[in-house]
Colleague: 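Supplied in structure tokens, the structure appears directly below.
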Amino acid sequence: MKSIVILISGRGSNMEAIVRAAIPGARIAAVISNRPTAGGLAFAASHSIATEVVDHTAFADRAAFDTALAEAIDRHTPDLVVLAGFMRVLTADFVRHYEGRLINIHPSLLPSFTGLHTHRRALEAGVRVHGTTVHFVTAELDCGPIIIQAVVPVMDGDDEAALAARVLVQEHRIFPQAVRWIVEGRVSVVDGVARVAGASMPAGLISPLPEDA
Ligand code: GAR
């Protein structure tokens, strides 16, 4: 049984999608938030998952917070640590400690639109396709080997909320899929590129039909 710790900062709908997927061979050992008000904590607790808050505002600097966070995570001896809307930049030491077992979901087709406000920036750039990416975390922000991506169209008349909602539907599909592949031991990284053994989709791409969008 693989032990998974999920980190959240807010609503936690991606964490919820992973919990609801009930992935065989995986156990969600804990959900940890850096914000006491994170809505997702209640969902996790109601599913008998251990919850914890490591409030970043209580620490003098980033390194002190990351040390405390790692201690909280490591009490659960995780095989995989999942950043599900965890809105903190992590130190290189933290990332190194979890190398190869730390994944993140980012609301864009990386390497486009790293950082914040991805949907607004996609609209401003006039891109015709947008999407979301699950990737291994490396020291550089929103970089690292890409495990799976989903593409959505950008429609005439989209505003930020409409585009975000369309992307979120796909996030809830690809994130549990990525976790499942890792739990099954099918994901490897060669020369900085992630490969999924036996994946039915080329390069782990989910491109929904327009009706899905
Ligand atoms: C998701 O859209 C996720 O991709 C994004 O935050 C949202 C969290 O929603 N993550 C980032 O922007 C990380 N840089 P959720 O709390 O409902 O899962």
Side-chain angles (χ1 to χ4, degrees), residues 4-21 23 28 30-47 49 51-54 56 62 65-66 69 80-91 94-95 98 102-125 127 129-152 154 158-179 204 206 208 212-213:
I4 298 175
V5 170
I6 304 180
L7 306 189
I8 63 170
S9 294
R11 177 179 56 183
S13 71
N14 279 287
M15 172 272 297
E16 198 174 320
I18 292 168
V19 171
R20 288 192 193 281
I23 295 165
I28 311 304
V31 171
I32 301 175
S33 172
N34 65 309
R35 290 205 184 105
T37 53
L41 290 169
F43 172 86
S46 74
H47 282 68
I49 297 168
T51 60
E52 201 169 327
V53 174
V54 183
H56 66 276
R62 216 174 267 290
F65 168 69
D66 278 10
L69 181 62
L80 183 65
V81 178
V82 175
L83 307 181
F86 188 67
M87 304 305 281
R88 296 287 304 169
V89 173
L90 297 162
T91 57
F94 182 97
V95 171
Y98 296 105
L102 181 62
I103 64 171
N104 179 50
I105 191 157
H106 183 77
S108 78
L109 291 173
L110 290 175
S112 292
F113 308 120
T114 60
L116 298 174
H117 310 301
T118 55
H119 309 306
R120 187 194 312 163
R121 287 159 56 212
L123 289 170
E124 284 167 1
V127 295
V129 291
H130 184 45
T132 174
T133 303
V134 179
H135 64 99
F136 285 107
V137 176
T138 55
E140 202 178 336
L141 184 70
D142 298 329
C143 281
I146 291 168
I147 301 163
I148 187 167
Q149 294 183 301
V151 178
V152 303
V154 179
D158 269 352
D159 60 11
E160 202 176 333
L163 188 53
R166 192 175 305 122
V167 169
L168 193 66
V169 170
Q170 300 308 320
E171 295 199 313
H172 295 166
R173 293 176 69 200
I174 68 169
F175 216 2
Q177 177 68 81
V179 173
I206 293 182
D212 273 347

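Read the numbers this way: they start at 1 and go in the same order the structure lists the ligands and their atoms. Below, each value reflects all heavy atoms present in this structure, side chains not excepted, and no hydrogens, waters or symmetry copies.
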Colleague: Could you go through ligand 1 and note, for every N or O atom, any protein N or O atom closer than 3.5 angstrom, writing the atom names and distance to 0.1 Å, or 'none'?
Modeller:
| unit_1 | atom_1 | unit_2 | atom_2 | d |
| --- | --- | --- | --- | --- |
| ligand 1 | 2 (O) | E171 | OE1 | 2.7 |
| ligand 1 | 4 (O) | E171 | OE1 | 3.3 |
| ligand 1 | 4 (O) | E171 | OE2 | 2.6 |
| ligand 1 | 9 (O) | R11 | NH2 | 3.1 |
| ligand 1 | 16 (O) | G12 | N | 2.8 |
| ligand 1 | 17 (O) | R11 | NE | 2.5 |
| ligand 1 | 17 (O) | R11 | NH2 | 3.2 |
| ligand 1 | 17 (O) | S13 | N | 2.8 |
| ligand 1 | 17 (O) | S13 | OG | 2.5 |
| ligand 1 | 18 (O) | S13 | N | 3.3 |
| ligand 1 | 18 (O) | N14 | N | 2.9 |
| ligand 1 | 18 (O) | N14 | ND2 | 2.9 |

Colleague: Could you work out, with salt bridge (Lys or Arg N to Asp or Glu O under 4.0 Å) as the rule, every residue matching R11, not counting sequence neighbours?
Modeller: none
Colleague: Run the salt bridge (Lys or Arg N to Asp or Glu O under 4.0 Å) test against R120 and tell me which residues pass, sequence neighbours left out.
Modeller: E160
Colleague: Working to the nearest 0.5 angstrom, can you tell me the gap between L163 CG and H119 NE2?
Modeller: 6.0 Å
Colleague: Go through the structure and list residues passing salt bridge (Lys or Arg N to Asp or Glu O under 4.0 Å) with D158, not counting sequence neighbours.
Modeller: R166
Colleague: Is there side-chain contact between N14 and V82, with at least one heavy-atom pair below 4.5 Å?
Modeller: no
Colleague: To the nearest 0.5 Å, what is the distance between CD1 (I105) and CD1 (I174)?
Modeller: 4.5 Å
